[in-house]
Each structure stands twice: as structure tokens, then as C-alpha cells.
Amino acid sequence: MTENTQQSHHSAPELPTQYTPADVEGPLYERWVERGYFTADAKSEKPPYTIVIPPPNVTGSLHLGHAFEHTLIDALTRRKRMQGYETLWQPGMDHAGIATQNVVERELAKEGKSRHDLGREAFVERVWQWKAESGGQIAGQMRRLGNGVAWDRDRFTMDEGLSRAVQTVFKKMFDDGLIYRAERIINWCPRCLTAISDIEVDYQDDDGELVSLKYGEGEDTVVVATTRAETMLGDTAVAVHPDDERYAHLIGKRIVLPLTGRTIPVVADTHVDPEFGTGAVKVTPAHDPNDFAIGLRHDLESIKVLDERGVITAHGPFEGLDRFEARSAIVAALRAEGRIVAEKRPYVHSVGHCSRCKTTLEPRLSLQWWVKVETLAEAAGDAVRDGRVNIHPADLTQRYFDWVDNLNDWCISRQLWWGHRIPVWHGPNGETVCVGPDEQPPSGEGWEQDTDVLDTWFSSGLWPFSTLGWPEKTEDLAKFYPNATLVTGYDLMFFWVARMMMFGLYAMDEVPFRTVAFHGMVRDEHGKKMSKSFGNTVNPLDWMDKYGSDALRFTLARGANPGTDVPIGEDWVQASRNFANKIWNAARFAMMNGATIEGPLPAAEQLSATDRWILSRLNATVADVNALYDDYQFAKLADALYHFAWDEVFDWYVELSKTTFMAGGEGAKVSARVLGEVLDVTLRLLHPIVPFVTETLWTTLTGGESLVVAEWPADSGFRDAAAEQEIAVVQQVVTEVRRFRSDQGLQPGQKVPARLELAGTALAAHEAAMRSLLRLQPAGEEFSATASLPVAGATVALDLSGAIDVEAERKRLTKDLAAAEKEKAQALGKLGNEAFLAKAPEKVVDKIRGRLETAEADLVRITAQLAALPQT
RNA sequence: GGGCGCAUAGCUCAGCGGUAGAGCGCUGCUCUUACAAAGCAGAUGUCGGCGGUUCGAAUCCGUCUGUGCCCACCA
């Protein structure tokens, strides 16, 4: 961009007629970073404002959802920075354990290798390489978007410092008895070969087959149904309801389990629903969570029949079969023995899948590490209940409570290689030692570190304080914790938000943030979920290249209604690009006419009604936008700015001021100052959403250093209802005459002789502007009015020097007349209704009276216009 | 099975008790001295159905239908 900032407000700057984002965005961003605008200083006297980035996974590049989230956070932090806060937009990325490991494993697979070919150490090295690459891409995308993050504070969940935080918390929780190791049924992914937590399970309705099996011999038989026949090899009981008379005679007996040569007991357990199926349930404690619970209650044996890959381990003819092969093989074998009493029937049921690879999960008995959540979850719930943390929008609060109030212990160990290794050493005689960050692990023969790594959300849960240097007592921590706001998607409420709440309250004894502002998911233009399999995903870079970052940002902000999903289509980005271009050209025009911010704003008495009107509207807009920002109403504030800028400033104020500017002199100088003011403030207001175009124009207009560090506008309190009313009338007259011209088929540029009767009205001052807008020439000697348009106390008489289309006009007016009459009748009806008058608030009654007045005025106007029509 | 939400103009959505709104799209006329990525004018909705509350309901209540999401130990 041009560097003519010093003299720019004295001479019209040379700006091209079209805004080309690519020319300005990159260099501007680098300049902002170089000048250190985005850094945050713990020693600052300013009040802090902190938002941490929801750390993107280093699994590739950012998608539109990230761009959306970043736009919102950037807008919030840019505004706060302008408001004088010591603002920290903490950047960083997440190692994303299982997700990243899977991505790199897929890369390896392309080379025909598995992670086992490399071994743990080499594999992890390989993931670090991938991290460097992915992280670079992500940072590049963030720069393109214009994110004002403190790059000097960039963090990664597996940095030394953050790893230290992980180890510290683990040790503390271990010592407090909040972390323990236990063998339980967990969700096991036979492809990823790891346990996953309950919330990493995606349930889908799958088509299964229900088979009914007969267990036992002779009179002691019972029929059970199952969709997972292969697990019968591990059955160690049949359970029935204690009150179920059908099976009373069997309770306590042992019956024959087919194919195995074993006998199993029939136990009574209230978990069984006698109404469901046969009322008898096969019990496989090693491969089903409910059965495991039954097993505990009845002291049943747990027999594992599937290995970690889902392959049958039980001895016998089925050994080595995959679980799905085994399923049909076992059904076939049972059929051969006459054990199938009801043929397979289709059965749709909910089946858990790995949220990372979609593989059908296998519930599996396994020794894992757990977090005891009870006290942590209670504290996390209380912090919201007592208002220390606000959830926005509020209707998501219930969902949060439902979760934290009904939480099961959290399985935190993963049988992966990429992640924070569990800081526990196992000794040769079964000893277990948890090692803190400053302690030496036990050495000697037989001591080994636990091979598991932690759930990736363990480290993400520490993010609001681990990024600030915890466990050291840093100045950053003192200044920037708790964070002000957390901006994230509602899909992360359980994975991340609730965990941050638990960890923050536990480790810091303080909430992690004051407000959680949930956003929705970005969808395509038809509201469909974006996914690679639908082929409707968008790389934000493509749209930024085509339309500019500002256009993408504005589109995303404009769609951001709290907590609700955001559909976005390329057409909409185009429309935002058009808006940016409109701002560009309006500013160009303003500067060509000498718009300036130099000198004091003239006092109200020196201003025209037009100037007072726009300043009144400007300040009202400042107030509106501020209120909307404080309520995270991005869509509404973007819309308010769009309409204020485009409709009011560009389409009306600029147009109404053109004659003033052309006339020159003192009036032009005053208007140039007002226009400069309006532009200045409007650009400031728009800057957090569209930082690039506003920065370019604002520095040119004002010669100021940068909008990034400029002051956020305050409502001066200036309002002028009279001027607003006056301009409303001007708009009404202009619109009515334009309508007439258009209906009469006059070309927009065609000049028409006209006589304006404005005497005695405030409109007289606007005659020149109205004539210019309406292409009305002075009435000459042989002026002969062919149409007379009375509007709001004024009359515009036009000489079309020829016949007008009387019928078209009569038709139009007749229609308008009918509408006005209807309006009048409605208003009269209301005002004649005693119940209404008695019960309606005065405000509403006044409104109806106003409506009646308008309708009556319209009737007078339209009747006069009809009367003025030439006879045919 | 439980819970939450949504059904408003062709599309995507605001409005949530007092005359139906926006963006895009559509129609017509214009390169009118910033912008055709523009300007001006215009058309389009018994606000899902049915009941109820109210002086008044797109807005509150009930119910039905359709649709989406979250949670759950569906053998």
C-alpha cells in the first residue's frame, strides 16, 4: 500500500478503484507482528484480557471451522486491545495423541510400513517431523486470517514446560488418590489397539442380527438372545430377574454352556428386564460392561475370549478367527447342535465405533489408569451453578450439568506411542512409584516406566494455565489467569471445557475462565455438515485467495448466532467481498472530497441537519455494537455495521452531502470534517472483524499509526431526534419521487424540470440535495406541471413535457389508497376498542395513534396526487 | 428410553406478545461526476397443522406432524 500517511488528509490519496486484498493483507500482517502489537506484558498496568486458542490438532491444516472460531476470538481480542486491555490471545497447538498417531500411521502405510517396523522411538521421531510440518501450515493459515496472537508465546502440549505441568498434576492427583489403576471393561479399538474413553465412542445404529440360543439340557434349559454370538465362549452365567417365575426353578443351578463343555450358573439379578426378550441374559463379564457388573455382584469368573485385535483366543476350533468370522462360525456350530431356537433376524441396535477410525469397538476387560472424577466434577458443576463461570448461550448450561452431574471415572491411559508417557515406574516385585517432575525415577534391575501414554485431553485440560508457565509461579499466571473468555464449539463441552473446569479448580483453586462462549459448527450453504466424505469441505485459504481474508471473516462473523450452526456458501463470501469493496470506494470518495479528522468537530449549531443526523446515528450505532459485543452477538453486530455503513452512510449521507461538497466553501469544510469523523469511527468499529481493509483506509485517512492500537470508539451521547426525523422526511420525498420516475419509465439519468414547494418546511435546506438526487432541473419559463407529488408537507411538481402514463399512475395510487384506508380502519378499530385502550401499554397506544396519523396523511397525499392527475 | 432444539419469502437465517425482516437469488431501468464487486425501483410469505390463553399471538400454553442434536447399561 501507499506510504503517504503524512500528507494524506490534505490531498486526495491515490487509491485504485478496486480493493485488492492480496496487495495489502500479507504485508500489513507482518507489520503488525513486527511492531509487537500482539504481544502481552505481564508487567503492564492495564487490566488483563485473556483468551486461549482452542489448540488446533497438528493433524494437517485448518478447516473452515477453525477460521470461524479464530474470527470470533480475533474480533473479541482486537476490540479489547483497542479498549485498552493488556490483551493476550494465547496461541498454540495440541499434539492430539490418537488423532495424530493415526495420521502418521496412515502416512507410513503408504510406504508399506507400520509403526512397529520403526519401533517406538523412531516412530515418535517421525511424528515430531509431521508435527513440524503440520504446525507450519497451521501457523501460515492463522497469519493469513489475520489472527492477532502472541506468537512469542506459542505453545505445544508436548513442550517441555507443558509436559512438566502434566507430570505435576498427575503426581498431585496420584498422591491425592484421584488417579488409580484398575481392571475394568473399557472401550477398546481393535484397530488403534488402545483403550478410549466413553466420550470418544460414536454410537451408530447398525444392522445386526439377533439370534436366540438354547443353553442347558433337558428341563433345565433357557433361551438367551444375542447379537454377539462369539462372546458366548466367554459366558460364565445366565442371569434372570429374581422375581421371574418362569425361571425360579433354575436359579442357583448350573446349566450346560454349548460348545465349551463348561457349565455355568443361573443367577438372579435385578438388572435383567423380564419384559425384554426371553427375560434371560447370557453373561460375559470380560466383554460387556453390564455383564461385568453382574459378574462383580455374583462373583463370576471373567473369561477373555478375544485378544486386542478382536481375534478369538479361546482354545478350540474357533481360535484365530476374527470376531466377525467367529460370529457366523459359532452360529453355524450352534445350529448343527440344534441350539438355535429362532433364526437370525435383522436387528438394528446402537453400536459403539471409534471416533477416530470408525472401527467397531470391542468392550474389553483391561487394566487401565483412571481419574476419580466425583469431587472434581462436583466442583466443576458448582462453579457454574454459583455463577463464577457463565455459559453462553445460557440454554447450553443444562447440557453441561447433565454431564458433570452424571460422570463416570475417566479412563486416561492409552496404549499409544504419541503422547505424555505416564510418569509411573513399575518395580520388579509389583511396586508402583509415581514420579514427580523434579524426582529421579527408581533405577535398578527390573524397574520400568509404564508404557502407556495419557489421553490427549489430559494435557489440553491444563491449557489455560500450563500455557502461562504453571507449575512455576509466574508473573504471567498472576496476570492472565483466570482467562476472561473461552471461545469454543459446543462439541467440545465435555471433551475439553468440563476437563478444564475440573483441572483449573483442582490445580489452581480458581476457575479457568469467567465466561464460556459456545459457537456452533460451520456447515455448507444448505446447512449440511461439512465432511470429507460428502466432498463439501472448504480450505479457507482458497476463499481467502479469491476474496480476501476480510471477506471470509465478515461472512463468518455475520453468520455467528450464539451456539447455533453456521451455514456458509461461496456466494456469501462474495457478498462480503463486495462489502469490503464498497467500504473501499466510499472511503476513496470521502478522501477525494477532503474528508478529514483534523481539528475539532464543529459544534452542533454549525452543523446541517444532515450532519447532525448521521452523527446521531453514528453514536447510536456505537452503543448498539458495544452492547452486542458484550453479549457475543457477532451476527447481529456485523449486520448492524453492514447496514449502518452501507445504507445510512454510503447510500444516504454521502449522497445527500454531494451537493454540499460540490458547492465548496465553509459548508463543504464542515461536512468534510463530519464525514471524516463518521468514517474514522466506522472503520474503528469494523476493524475487529475486517482488519485489513479498515487498516489500509484508516491509516490513509488519519495518518495514524495503526487501528490495531487505536482507541475503540465510545458513544459520545450525541443524539438528535429532530434531525433524524427531518432526514426521514427527506428520504420519504426522495423515495416517492424516485418511485414515480421509475413507474413512469423515466431513465435514471434523465433530467426533468421541476418545481419544489418547500417553503415553510424544514425541507427547504435540502432542496439542492434533493434536486441532485432526483435529477430535477430548475423550472423554466414554459414549465407546465404534468404531475404533482405532495409528500409530507412538500410538493414536487414535475414537467415531463409530454403525457405521463396516467393509467399506470392511477393504478398505483389506487392500490396505495386502498392500503392506506385499510391501515386507517385497522388503527381506528383498535383505538375504538375499549378493552385495548384499557389494557394496552401507553407506548403501544401511541404507536397505533402514530400509525393512524400516517395513514391519514397518506390518504390526503394520495388523494391529492390522484386529483392532480391529468384527465384522460 | 430420556433430554434439548428447530419448522418464518426460492435458498440460508434473524425476529420470540403489539403494522412480517435481512443477506443471497429474482424482475425492470441505468456505466447518474466513489464503487456495474455498483445505483435506483420492484415482486415474493393465511410465520408447519389443529386447539387454547390474551384487547391483541410468528411470538405464550397444549397437541399433532416433520426434522436435527445430545445423553443412556436397547441382552
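Heavy atoms only: backbone and side chains are in, while hydrogens, waters and symmetry mates are out.
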Phosphate contact (B:rU32 OP1 or OP2) by A:Lys751 side-chain N/O below 4.0 Å: no

Sugar-phosphate, base or nothing in reach of A:His271, heavy atoms under 4.0 Å: base

No-hydrogen, no-angle side-chain donor-acceptor test under 3.5 Å, A:Asn581 and A:Tyr547: no

Sugar-phosphate only, base, or nothing, as touched by A:Val272 at under 4.0 Å among non-hydrogen atoms: base

Donor-acceptor pair under 3.5 Å, A:Glu655 side chain vs B:rA34 base: yes

Distance between C1' atoms of B:rA20 and B:rG45 (Å, rounded): 8 Å

Sugar-phosphate only, base, or nothing, as touched by A:Ala840 at under 4.0 Å among non-hydrogen atoms: base

Sugar-phosphate only, base, or nothing, as touched by A:Gln398 at under 4.0 Å among non-hydrogen atoms: nothing

A:Gln18 side chain, from C-beta outward: closest of B:rA41, B:rU33, B:rA37: B:rA37

Atom-pair distance (NZ on A:Lys529; C1' on B:rU12), nearest Å: 19 Å

Pairwise P distance, B:rG42 and B:rG23 [rounded to whole Å]: 14 Å

Options B:rG42, B:rC74, B:rG28, nucleotide nearest the side-chain atoms of A:Ser350: B:rC74

Length of the line joining A:Gln747:CD and B:rG28:C1', which is rounded to integer Å: 12 Å

Contact under 4.0 Å: A:Arg812 side-chain N or O vs B:rG42 OP1/OP2: yes

Atom pair distance, as rounded to whole Å: CZ in A:Arg558 and C1' in B:rA22: 7 Å

Nearest atoms (heavy-atom pairs only) where A:Met591 meets A:Thr700: SD-CG2, 3.9 Å

Check against ring-ring contact (aromatic ring centres under 6.0 Å, His included), A:Tyr642 and A:Trp646: CA-CA 6 Å; A:Tyr642 179 92; A:Trp646 201 320; 5.4 Å; yes

Touch class at under 4.0 angstrom, heavy-atom based, for A:Pro289 against every strand present: nothing

Spacing of the C1' atoms in B:rG28 and B:rU33 (rounded, Å): 25 Å

Cation-pi, A:Trp572 ring and A:Arg523 (6.0 angstrom, 45 degrees): no

RNA chain B: 5'-proximal contact among A:Asn833 and A:Asp651 (nearest heavy atom): A:Asp651

Atom P, compared across B:rG25 and B:rC47: separation rounded to whole Å: 27 Å

Spacing of the P atoms in B:rG10 and B:rG17 (rounded, Å): 26 Å

Approximate separation, where rounding is to 0.5 Å, of A:Leu300 CG and A:Ile294 CD1: 8.5 Å

Sugar-phosphate, base or nothing in reach of A:Asn406, heavy atoms under 4.0 Å: nothing

Sugar-phosphate, base or nothing in reach of A:Thr227, heavy atoms under 4.0 Å: sugar-phosphate

Of the listed nucleotides B:rA22, B:rA34, B:rC24, the one nearest the side chain of A:Asp639: B:rA22

Phosphate-side-chain proximity, A:Lys582 and B:rG39, N/O vs OP1/OP2 below 4.0 Å: yes

A:Thr735 side chain, from C-beta outward: closest of B:rC35, B:rA41, B:rA14: B:rA41

Expected output: side-chain A:Asn833 to main-chain A:Ala835 donor-acceptor under 3.5 Å: yes

A:Arg739, nearest nucleotide to its side chain (from B:rC55, B:rA41, B:rA34): B:rA41

Inter-nucleotide C1' distance (B:rU8, B:rA14), Å rounded: 10 Å

Minimum heavy-atom distance A:Pro363-A:Ile185, with the two atoms named: CB-CG2, 3.9 Å

Sugar-phosphate only, base, or nothing, as touched by A:Arg851 at under 4.0 Å among non-hydrogen atoms: base

B:rG15 versus B:rU19 - spacing of their C1' atoms, nearest Å: 15 Å

Length of the line joining A:Leu628:CG and B:rA14:C1', which is rounded to integer Å: 12 Å

Distance test, side-chain N/O of A:Lys822 to OP1/OP2 of B:rU19, below 4.0 Å: no

Nearest to side-chain heavy atoms of A:Trp646, which nucleotide of B:rG18, B:rA38, B:rA34: B:rA38

Any A:Arg738 side-chain N or O less than 4.0 Å from OP1/OP2 of B:rA41: yes

Sugar-phosphate only, base, or nothing, as touched by A:Lys830 at under 4.0 Å among non-hydrogen atoms: base

Non-hydrogen atoms of A:Ala820 and A:Asp858 that approach each other most closely: CB-CB, 4.1 Å

Residue A:Asn561, side-chain heavy atoms: nucleotide from B:rC13, B:rC69, B:rG18 that is nearest: B:rC13

Heavy-atom side-chain proximity of A:Val734 to A:Glu655 below 4.5 angstrom: no

Interatomic distance, A:Arg577 CZ vs B:rC24 P [rounded to whole Å]: 12 Å

Side-chain donor/acceptor contact of A:Gln574 with base of B:rA37 under 3.5 Å: no

Residue met sooner reading RNA chain B from 5', once A:Trp652 and A:Tyr642 are mapped to nucleotides: A:Tyr642

Sugar-phosphate only, base, or nothing, as touched by A:Glu823 at under 4.0 Å among non-hydrogen atoms: base

Nearest heavy-atom neighbours spanning A:Tyr215 and A:Val224: CZ-CG2, 3.9 Å

Nucleotide B:rG68, atom P - distance to CG of A:Asp395 in whole Å: 20 Å

Between B:rG23 (C1') and A:His643 (NE2): distance, integer Å: 7 Å

Short side-chain N/O contact to B:rA34 OP1/OP2 from A:Asn593, under 4.0 Å: no

Residue A:Thr17, side-chain heavy atoms: nucleotide from B:rG18, B:rC35, B:rA37 that is nearest: B:rC35

Sugar-phosphate only, base, or nothing, as touched by A:Met662 at under 4.0 Å among non-hydrogen atoms: base

Span that lies between the P atom of B:rC24 and that of B:rG48, in whole angstrom: 25 Å

For atom CZ of A:Phe494 and atom P of B:rC70, their distance in whole Å: 9 Å

Pairing partner (Watson-Crick or G-U wobble, both distances under 3.5 angstrom) of B:rG45: none

Sugar-phosphate only, base, or nothing, as touched by A:Ala575 at under 4.0 Å among non-hydrogen atoms: sugar-phosphate

